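The next block holds one structure in the form of structure tokens; read it before the comments.
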Amino acid sequence: MSILEKIQNQRSHLSTNGIKILDFIIEQPSEISAYSSQALATKIGVSQSSIVKFTQKLGFKGFTAFKLAIIEDAGRKQAILEPDRPIHNKINSDDSALTIAQKLVQEKNHALIATTNAIDFSEFEVITTLLNQAQRIQIVGIGGSALTAKDLAFKLLKIGMTALTEQDSHVQIATANALTKNDIQIVISYSGSRKDILMAAQTARDKGATVIALTSTKKSPLRKLANFCIDTIADERQFRSSSISSRTAQNVITDLLFMTLLQIKSDTAKLLIDEISSTMNRI
């Protein structure tokens, strides 16, 4: 949310003079940089103290800090709308559909290869063994990662594993609080720094559950909390419109987990999948 949007939300809490100041700023935000607090007060027809009180009510130390915030906000908006700025990583606004397709394939392919090459397969075998023995598996994810979590939970349910997943952070924490040493929590978070994710992971650890993190290679609080980490590698250093490459990296890991567990469970899992398919066909 921009500074201008935030201050408009405060309109009902402002005095008459405050509303006059707000209306002037909203109508002419680009001119604010040219005014001192006294000059702006004279222009609007209010006292200088009204200007200062207005900015302080909005959470700024004074008019200068408020003015700098408006200028910086305008600069960010200008940068976003810059014609030469990519719309996503290396994809530009004037690229053809064919070029976009080729760049997307390159980006996703890089995430797939780099992520699978980074797997420590001896540790991965330990992880899949623990998952196979787990009583329950909670899968935690927020935003784009929640889609990956939901997909993995469905796959595990198909092969007879008790998998729990919810997008609401409060429910995630409540579920984590019900875990035991016989359970596993899989946390999917590329950044590894979201507070709600960390709270769920810490709660699971406190209850004795094993925490497995699917996260980036960067140092993060999640990596410190987790018993095991599986690295997801994606090129997301540049401007991105969506978590495309990181979700691709997450998906290849979750699909690999599913396929390995399917292999471990062998005939039992095959029969369960067949039963589900047969039931679905009768609908």
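Residue numbers run from 1 in the order of the sequence given. In this text the structure is predicted, and so the values were computed from the model without any measurement.
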Check: L22 and F54 side chains under 4.5 Å, non-hydrogen atoms: yes
Minimum side-chain heavy-atom gap V126-L130 below 4.5 Å: yes
Note, Y35 side chain near F24 side chain (heavy atom, < 4.5 Å): yes
Test item: K158 side-chain N/O and A269 main-chain N/O as donor-acceptor pair under 3.5 Å: no
Flag, side chain of T116 to backbone of I113, donor-acceptor distance under 3.5 Å: yes
Single-linkage hydrophobic cluster F258~I188, side-chain heavy atoms < 4.5 angstrom: yes
Same apolar cluster (I L V M F W Y, side chains within < 4.5 Å links), I127/I119: yes
Cluster overlap L157 with L164, hydrophobic side-chain contacts below 4.5 Å: no
Non-hydrogen atoms of S189 and T215 that approach each other most closely: O-OG1, 2.7 Å
Hydrophobic cluster membership, I184 vs L198, 4.5 Å side-chain cutoff: no
Partner of L214 under side chain to side chain contact (heavy atoms under 4.5 Å, CB included), chosen from N251, D231, L222, I230: I230
Closest non-hydrogen atom pair between A201 and V187, with its separation: CB-CG2, 4.2 Å
Sub-4.5 Å side-chain heavy-atom contact between Q250 and S145: yes
Qualifying residues under side-chain hydrogen bond (donor to acceptor under 3.5 Å, both in side chains), relative to T180, sequence neighbours excluded: D183
Any donor-acceptor N or O pair under 3.5 Å, side chains D120, S122: yes
Backbone N/O of S216 and side chain of R223: donor-acceptor pair under 3.5 Å: yes
Atom pair CD/OG1 of Q138 and T162 - distance to nearest 0.5 Å: 13.0 Å
Stepwise side-chain contact (heavy atoms from CB on, under 4.5 Å) test for I244 and K108: CA-CA 8 Å; I244 292 174; K108 291 166 77 71; 4.1 Å; yes
Min side-chain heavy-atom separation L131-I212 under 4.5 Å: yes
Side chain to side chain, Q202 and D206, heavy atoms closer than 4.5 Å: yes
Side-chain donor/acceptor of Q172 to backbone N/O of D196, under 3.5 Å: no
Counterpart residues, ring-ring contact (aromatic ring centres under 6.0 Å, His included), relative to F63 (two or more places apart): none
Donor on one side chain, acceptor on other, T210 and Q185, under 3.5 Å: no
Donor-acceptor contact below 3.5 Å, side chain T115 vs main chain A111: yes
Residue pair E275 / L272, side-chain heavy-atom distance below 4.5 Å: yes
Nearest-0.5 Å distance, CD1 of residue I19 to CD1 of residue I26: 12.5 Å
Donor-acceptor contact present, side-chain Y190 to main-chain A249, <3.5 Å: no
For S50, the option from N17, I44, T55, L40 that meets side chain to side chain contact (heavy atoms under 4.5 Å, CB included): N17
ILVMFWY network linking L112 to M259, side-chain heavy atoms under 4.5 angstrom: yes
Q48 and S37 side chains, donor-acceptor separation under 3.5 Å: yes
Main-chain N/O of L225 paired to R205 side chain as donor or acceptor, under 3.5 Å: yes
Crowding at CD, E125 (>12 non-hydrogen neighbours, <6.0 Å): no
Neighbour count >12 (heavy atoms, 6.0 Å) for atom CD, Q106: no
Point-to-point distance, once rounded to the nearest 0.5 Å, from CE of M199 to OG of S169: 10.0 Å
For I139 against T165, the heavy-atom pair lying closest together: O-OG1, 3.0 Å
N/O donor-acceptor pair under 3.5 Å between T128 side chain and F124 backbone: yes
pair M161-K265: side-chain heavy atoms closer than 4.5 Å: yes
No-hydrogen, no-angle side-chain donor-acceptor test under 3.5 Å, S96 and T99: yes
Atom of G192, atom of P221 and distance for their closest heavy-atom approach: O-CD, 3.4 Å
side-chain contact (heavy atoms from CB on, under 4.5 Å) between I273 and L262, worked out: CA-CA 10 Å; I273 291 174; L262 175 59; 3.9 Å; yes
Heavy-atom closest contact (G144 atom, R247 atom, distance): O-CD, 3.5 Å
Donor-acceptor contact below 3.5 Å, side chain T254 vs main chain L152: no
Spacing of NE2 belonging to H170 relative to OG1 belonging to T175, to within rounding of 0.5 Å: 12.5 Å
Contact summary for A176 and A200, nearest pair of heavy atoms: CB-O, 3.5 Å
Rounded distance [0.5 Å steps], CG in D255 versus CG in D151: 6.5 Å
Gap separating the CG atom of D267 from the CG atom of D274, nearest 0.5 angstrom: 12.0 Å
